[in-house]
S.K.: 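First the structure, then my questions, so here it is.
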2 protein chains.
Amino acid sequence: MLSLTEENYLKAIYHLSDGGTKSVLTNEVADAMSTKPASVTDMVKKLSAKKLITYEKYYGVTITKQGKTDALTIIRKHRLWETFLVQKLNFHWDQVHEVAEQLEHIQSPLLIEKLDELLNFPIADPHGHPIPDKNGKIHTGQQVPLGDIAAKKTVTVLAVNVKESSSFLQYLSKIGVYIGAKLSILDKAEFDGSIEIMIDGKKKVFVSKEASQNILVTP
Amino acid sequence: MLSLTEENYLKAIYHLSDGGTKSVLTNEVADAMSTKPASVTDMVKKLSAKKLITYEKYYGVTITKQGKTDALTIIRKHRLWETFLVQKLNFHWDQVHEVAEQLEHIQSPLLIEKLDELLNFPIADPHGHPIPDKNGKIHTGQQVPLGDIAAKKTVTVLAVNVKESSSFLQYLSKIGVYIGAKLSILDKAEFDGSIEIMIDGKKKVFVSKEASQNILVTP
DNA sequence: TAAAAAATTTAGACGAGTCTAAAAAATTAT
DNA sequence: ATAATTTTTTAGACTCGTCTAAATTTTTTA
Ligand SMILES: [Mn+2]
Ligand SMILES: [Mn+2]
Ligand SMILES: [Mn+2]
Ligand SMILES: [Mn+2]
C-alpha cells in the first residue's frame, strides 16, 4: 500500500525513465515534482526500501519490475479517469489532467474495473496516450512527430505531448487540431522548421517547429 | 481550503450534531472517527481557529454557519458519488460507502456540477438520503421508522439508516426490502417489538424491532 | 457536599513529508 | 591532475495528524 505521495513520485520516476528504460537523477525528479533534491533523496530511500526502485547513491534510481507494475496501475487509472471526464462528463481535453491527478489515487479495484467497462475498454485517453490494460500491457502503434513527416504526405493525428500546461491543448483546439484529424503537410520552411498544414482538407495553418514536434501522427 | 482529515472531522461533527442542531462532545467525535479523545481536542482547536466550529473547553463543540455550509458540500459530493456508483457503474448499495468516502474529497467544483447533471440532479442517494443542492439546501419529506407504523397500513420505503456496516444493507436486499418497496404491516408482536410485513404484496417476512427502527417509510 | 468516577485537556513523543544550510561526492574546466 | 563547479546527500528543523501518560475539570454517587 503506497501513500498518495509515494504514488506520485513513482509515477514521475516511471515517466522520467521512459517506462523504466533509463535511470533517473535526483534533480530531474525534484524538477518534475516541484520539490527540492533533499526531499527526493528521502523519498527514493523509502521507495527503494519497498523494492519499487533501486537507488545508487549519487547515481540516480532505476525502476524495478514491481515498481513498473505499480506505476502502470496508477497511469491506467489516470487515463481511464481522463477518458471518463471527456466522454461522459463533457470536459475538454485541457481540463482533465488536474482532476485525474487526484482521481488516480482512489483505491478501489472494482471501481476501475467498472469504469473500464462503462467506457468500453478504451485503449487511449483524450490526449491519445495509451491506457495500460488490467495486466499493465500497453499496445501502441508507431507514432512519429509531425515535424518529421515529409511534405505532400497526409497523416492522422494520434496523440499530443502534453507536459503540465494546458495552453498547448487550447492552442491546438483553436487552430482545429484534434485526435483523429487528417493533416496534409503543404510546405516546410527550412530556416525555422515551421510547417504549413491543411487540416481535414479544409483549413490551412502554420505551426512552429516546437509545436510540430509535439503532435504525434501516423508514419 | 480544508485537508482531507479536517473534512472528515467536520462531516462527522455535522452528523453527530444532527445537522448543527445540538452540541457534540469530544468522546463522541473520537468514537465516530475511531481516534483518541486527545486527537479530537487537537483537531477541534484547528477547526475552531478556522471558524468552522465553536469550541468551549470541556463542553464540546457547535458547528458554525460556515462549518455547516462546508459540511454540506462534502455530504453533497459523497451522496452524488454514491448515486453515480449505483446508477452508472452498477455497484450495489452496500458497496458504495467506502469508495464515496474517498471520492468526496476530490477538489473540483466543475466535476461535481457535471456529475450532478449526468445523474439528472438526483435528490436522494442509493440509501434514500437527501442530496443537498448546490446551495446546500436539503428538501426531504417526512420519514418515520417502520416500527412506528400501525398494523394494517401500507407504506413505501424512503430511506434506510446505515451506520458503518454494510451487513444491514445486505440483509435488507436478501429479504427483499429496497428503496421504493411497498410494505404492508401485517402484525406487531408486543413482547419483542418485531413485526410481520408483506413486501410488494408478494413476500411475507418478520423483521426485528431493531431493523424496523432503521427502515424509514412514508407516514 | 465531599469523594469517586468519568470526561477532557495538556505534555511530550513519533512518523510522514517537507524545507534550508552545510558537507560530501562527482563532474568539468583549466 | 588539480581546482572550480555542480550535483547530491546529510543534518537539523518544521507542520500535520496521531498516540500514550499524566494532569485537570466536570459529573456522578453516596
Ligand atoms: Mn496524482
Ligand atoms: Mn492524458
Ligand atoms: Mn472521507
Ligand atoms: Mn448514503
Side-chain angles (χ1 to χ4, degrees), chain A residues 1-14 16-17 22-63 67 70-71 74 101-102 104-107 164, chain B residues 1-17 22-63 67 70-71 74 98 101-102 104-107 164:
Chain A
M1 181 91 304
L2 299 180
S3 72
L4 186 148
T5 309
E6 288 171 332
E7 289 195 344
N8 283 335
Y9 270 94
L10 186 62
K11 187 163 63 102
I13 291 168
Y14 177 88
L16 290 168
S17 70
K22 56 184 212 192
S23 85
V24 180
L25 303 175
T26 301
N27 275 9
E28 299 180 89
V29 178
D31 270 14
M33 301 281 304
S34 303
T35 53
K36 302 294 170 185
S39 308
V40 175
T41 301
D42 284 346
M43 181 53 81
V44 298
K45 283 178 183 168
K46 278 204 287 187
L47 292 177
S48 166
K50 293 192 177 185
K51 310 273 191 207
L52 300 174
I53 59 178
T54 57
Y55 166 51
E56 211 182 336
K57 245 182 173 188
Y58 290 103
Y59 291 94
V61 301
T62 310
I63 200 158
D70 288 2
I74 304 163
E101 203 56 50
Q102 300 177 59
E104 70 189 357
H105 303 290
I106 302 292
Q107 302 292 348
E164 354 236 308
Chain B
M1 183 93 300
L2 299 180
S3 72
L4 185 149
T5 310
E6 288 170 331
E7 288 195 344
N8 283 335
Y9 270 95
L10 187 62
K11 186 163 63 104
I13 291 168
Y14 177 89
H15 282 134
L16 289 169
S17 70
K22 55 185 213 194
S23 86
V24 180
L25 302 176
T26 300
N27 274 8
E28 300 180 88
V29 178
D31 270 15
M33 302 282 302
S34 303
T35 53
K36 302 294 171 184
S39 307
V40 175
T41 300
D42 284 347
M43 182 53 80
V44 297
K45 284 177 183 168
K46 278 205 285 186
L47 293 176
S48 165
K50 294 192 177 186
K51 310 274 192 204
L52 301 173
I53 59 178
T54 57
Y55 166 50
E56 212 182 335
K57 245 183 171 186
Y58 290 104
Y59 291 93
V61 300
T62 310
I63 200 158
D70 289 3
I74 305 163
E98 272 202 29
E101 202 57 50
Q102 299 177 61
E104 70 190 357
H105 304 288
I106 302 293
Q107 302 291 347
E164 355 238 305

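Residue numbers begin at 1 in each chain, while the letters A, B, ... track the order of the sequences.
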S.K.: Expressed as a whole number of angstroms, how long is the span from Glu7(A):CD to dA16(C):P?
M.R.: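 It is 16 Å, rounded to the nearest whole Å.
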S.K.: More than 12 foreign heavy atoms under 6.0 Å from NZ of Lys36(A): is that the case here?
M.R.: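 12 or below, so no.
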S.K.: Would you mind telling me which of dT20(D), dT8(C), dT18(C) lies closest to the side-chain atoms of Ala38(B)?
M.R.: dT20(D)
S.K.: Taking side chain to side chain donor-acceptor pair (under 3.5 Å) as the definition, give me every residue that meets it alongside Gln102(A), ordered by chain and number, with sequence neighbours left out.
M.R.: none
S.K.: Remember a base hit wins even if backbone is also touched, and classify Thr26(B) as base, sugar-phosphate or nothing at under 4.0 Å, heavy atoms.
M.R.: sugar-phosphate
S.K.: Rounded to the nearest angstrom, tell me the gap between atom NZ in Lys57(B) and atom P in dT27(D).
M.R.: 15 Å
S.K.: To the nearest angstrom, how far is Leu25(A) atom CG from dA26(C) atom P?
M.R.: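 Going from Leu25(A) (CG) to dA26(C) (P), I get 14 Å.
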S.K.: With heavy atoms under 4.0 Å as the rule, sort Ser39(A) into base, sugar-phosphate or nothing.
M.R.: base
S.K.: Would you mind reading off the distance between Leu4(A) atom CG and dT18(C) atom C1', rounded to a whole angstrom?
M.R.: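 About 15 Å, once rounded to whole Å.
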S.K.: Asp42(B) has an atom CG; how far is it from atom C1' of dG12(C), in whole Å?
M.R.: 12 Å
S.K.: What residues, two or more places apart in sequence or in another chain, satisfy side chain to side chain donor-acceptor pair (under 3.5 Å) together with Glu101(A)?
M.R.: Lys11(A), His97(A)
S.K.: Write down the distance between OH (Tyr58(A)) and P (dT6(D)), rounded to a whole number of angstrom.
M.R.: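 Going from Tyr58(A) (OH) to dT6(D) (P), I get 17 Å.
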S.K.: Report the distance from atom CG of Asn27(B) to atom P of dA7(C), rounded to the nearest whole Å.
M.R.: 6 Å
